[in-house]
Asks: 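The structure that follows is given in the form of structure tokens.
On a predicted model such as this, the values are computed, not experimentally measured, just so you know.
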Protein chains: 2
Amino acid sequence: MSRAARTAPRAPEAPLAAPGRPFARPPADTARADAVLARCRELTHPALVDAVGQLDPWTGRMAAYALGWRDAGGAPDPTGSGGKGLRQALAVLSAEAAGADGATALPAAVAVELVHTFSLLHDDIMDGDPLRRRRPAVWRAYGVGPAVLAGDALHALAVQTLAEAPGERAPAAVRHLSRSLTALVRGQADDLRFEELPWTGPDAPGLAAYRAMAEQKTGALLGCAAALGAELGGAPGATVTALDRAGRHLGVAFQAVDDLLGIWGDPVLTGKPVHSDLRQRKKTHPVLAALAGAGPARRELAALLGSAEPLEGPRAAYAASLVDEAGGRAATRAEASTHLEAARTCLAATRPAPAAARDLDALVGSLLDRAW
Amino acid sequence: MSRAARTAPRAPEAPLAAPGRPFARPPADTARADAVLARCRELTHPALVDAVGQLDPWTGRMAAYALGWRDAGGAPDPTGSGGKGLRQALAVLSAEAAGADGATALPAAVAVELVHTFSLLHDDIMDGDPLRRRRPAVWRAYGVGPAVLAGDALHALAVQTLAEAPGERAPAAVRHLSRSLTALVRGQADDLRFEELPWTGPDAPGLAAYRAMAEQKTGALLGCAAALGAELGGAPGATVTALDRAGRHLGVAFQAVDDLLGIWGDPVLTGKPVHSDLRQRKKTHPVLAALAGAGPARRELAALLGSAEPLEGPRAAYAASLVDEAGGRAATRAEASTHLEAARTCLAATRPAPAAARDLDALVGSLLDRAW
């Protein structure tokens, strides 16, 4: 850079973000994001149905239940939901961002959606969560043994779907997916291990450890989804890497918002009881951030969490107010914002095709204020 | 074939097998087979240790327990056993049979051994089996949730190990492994589903359905092991296919012998109680073969199995004697022999390198009379 450039005065109209604070953004256009997600779900659905059709009838029925297509008895379920389909959308949009047809990404979109379904299914067993998307979890509907089997079937089917994808980039895509799968398991292991650690003191999980866990547990698969779409879409290696990083940042942000919803989310929209994560004494970002600070609210929160008494009703509500007062809620929202901005930066660096860029922007913009 | 050849008298010294009966074979040289297995275990062990070392400490500790290296507390376990290592041996020997160094097959040997360990770990949860190789199953030692996680970690690690193998044949190897994984799950689903079916009548599982199940549940991975060794060893496609078929036949034979051991095996050697499979009313080949016949023993057996009373002690012993009398034991031994012969035929067709051929022969020869 020339000396002139270095000393050039900043244009007065260029707004500057305060250190550590994100750029101001227009309010999220949720309707636009929903339309993008719906388009990608529609594109992926037939391929997903084809893939699940390869399963034996029994695990196939459990998979159709987990994906929200059928009820536990096998009848079509108009109330079922397979989720928003964020991962399949990232795969499709990143192929389009690389200038390819979204359909190129279908084996990747199917694979990441199957991996996501498998991981929810097994995580619900490990966490003892009885509900998933407002219906009994698969292990509650069919039993633990069958749920283990159905998860294994989806895991294997995901790898097979991608391994049999056409094109010379498929092997690299499979390597990427397999690394994401080991990262996903490692993240889940860390998450479960955190539950055994103390809330405070030198052995407590810090925010850096929490972020590393979230990057593995949630970020690895979002990064993989974005990277694989670009990979199958024939993008250069640098684009694939940048999209992987974008997805990882999205994952950390997504987990942070998930943690906010786990305490302050609307039970009607989340399908979980109010203050759910606090009742279960889950070590989430808002709580760890609150405990990382100082002041009376922090001390009172630590005492409440450390006591043997159950955190129900008013006690849970009081704990939530202490987390807020000690700065945990704001810190987690800032964490989500920071990583959404980082994701935007990574995405912009890939110079995405304009239409895909707009769709990705709508999607990213909707994540901070999502209610699902 | 010329008319002369077709009408040429058979050489009097060539022994003929009776229709449906295998060629007479010399008694199995168990010591030689054990030495072959030990050599392959020794070759594979460092690579297996390296792979498991990539797991996070928690799932890594469960994996080391499942592989017989450590006790549940993480201390070295001199009494632990990781099994004979048949799958890793098939991978190594098939590379050698193709004229390659056995070490070429190491990523395949490690992958199939990890898949085998994962499947045992999850199957024990599904079947509620409390013991594995004379020690508490992983789910009994660590809990169901952690055991689900450890299985997932091994499953993912297996795919990753093979996906990152060097050489241009690795992608085909990964495709093969992924198909075997879906077959394995399908076989386990069929096996569990059989337990819900009646013993007799039109809905009972027949012997053909049983064989199809065994080929998926046990044969797919043995076939994969043999095929992958040849694949990584650079063998032609026809050799890979023939070795896959050989391994599938070995798998069906192995399952038949397993079924014999499940009823008549020595509890000291199998680590299971005597008549174990009958006590659990498992639908195994000897029982299904006995029920497929006629006569008083078959009728009495059907009545015994259909009654609500537990099959314990003398009742289990009586059921075993009825299975034997109704021809189930002999039929299962014949099933094993037939498939071992078929495996030999497939192996011979690949014109294996002489030293590997001898090792494979010793291994195959030991399977019918194995006690493990």
Asks: Check the surroundings of atom CZ in R245(A): do more than 12 heavy atoms from other residues, nucleotides or ligands lie under 6.0 Å from it?
Replies: no
Asks: Select, from D190(B), L162(B), V185(B), the one with the greatest count of heavy-atom pairs under 4.5 Å involving chain A.
Replies: V185(B)
Asks: Report the C-alpha distance between L149(B) and Q188(A) in whole Å, list the side-chain angles of each, state the deciding distance to 0.1 Å, and finish with yes or no for side chain to side chain contact (heavy atoms under 4.5 Å, CB included).
Replies: CA-CA 8 Å; L149(B) 186 72; Q188(A) 171 70 359; 3.5 Å; yes
Asks: Pair E164(A), R179(B) - check side chain to side chain contact (heavy atoms under 4.5 Å, CB included), show working.
Replies: CA-CA 10 Å; E164(A) 291 182 344; R179(B) 285 196 297 269; 3.3 Å; yes
Asks: Could you give me the CA-CA distance, side-chain angles and deciding distance for W58(B) and L192(A), then say whether side chain to side chain contact (heavy atoms under 4.5 Å, CB included) is met?
Replies: CA-CA 10 Å; W58(B) 188 32; L192(A) 291 173; 3.8 Å; yes
Asks: Looking only at heavy atoms and a cut-off of under 4.5 Å, which of V159(A), L181(A), T182(A) has the most pairs with chain B?
Replies: T182(A)
Asks: May I ask you to name which of A147(B), G145(B), S178(B) has the most heavy-atom pairs under 4.5 Å with chain A?
Replies: S178(B)
Asks: For H122(A) and D152(B), test the side chains for any donor-to-acceptor distance below 3.5 angstrom and give the result as yes or no.
Replies: yes
Asks: Measure distances from L184(B) to the heavy atoms of chain A and classify the residue's part below 4.5 Å as side chain, backbone, both or neither.
Replies: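 Contact with chain A is absent: no heavy atom of L184(B) under 4.5 Å.
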Asks: Within the supplied structure, the quantity of interest is the number of heavy atoms (other residues, nucleotides, ligands) at a distance under 6.0 Å from R140(B) CZ; does it exceed 12?
Replies: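 Check fails, neighbour count at 12 or below.
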Asks: Using non-hydrogen atoms only, which part of V144(A) is less than 4.5 Å away from chain B: side chain, backbone, both, or neither?
Replies: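 Interface part for V144(A): side chain.
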Asks: Q54(A), R186(A), M126(A), H155(A): which one forms the most heavy-atom pairs within less than 4.5 Å of chain B?
Replies: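 Going by pairs under 4.5 Å, I would pick H155(A).
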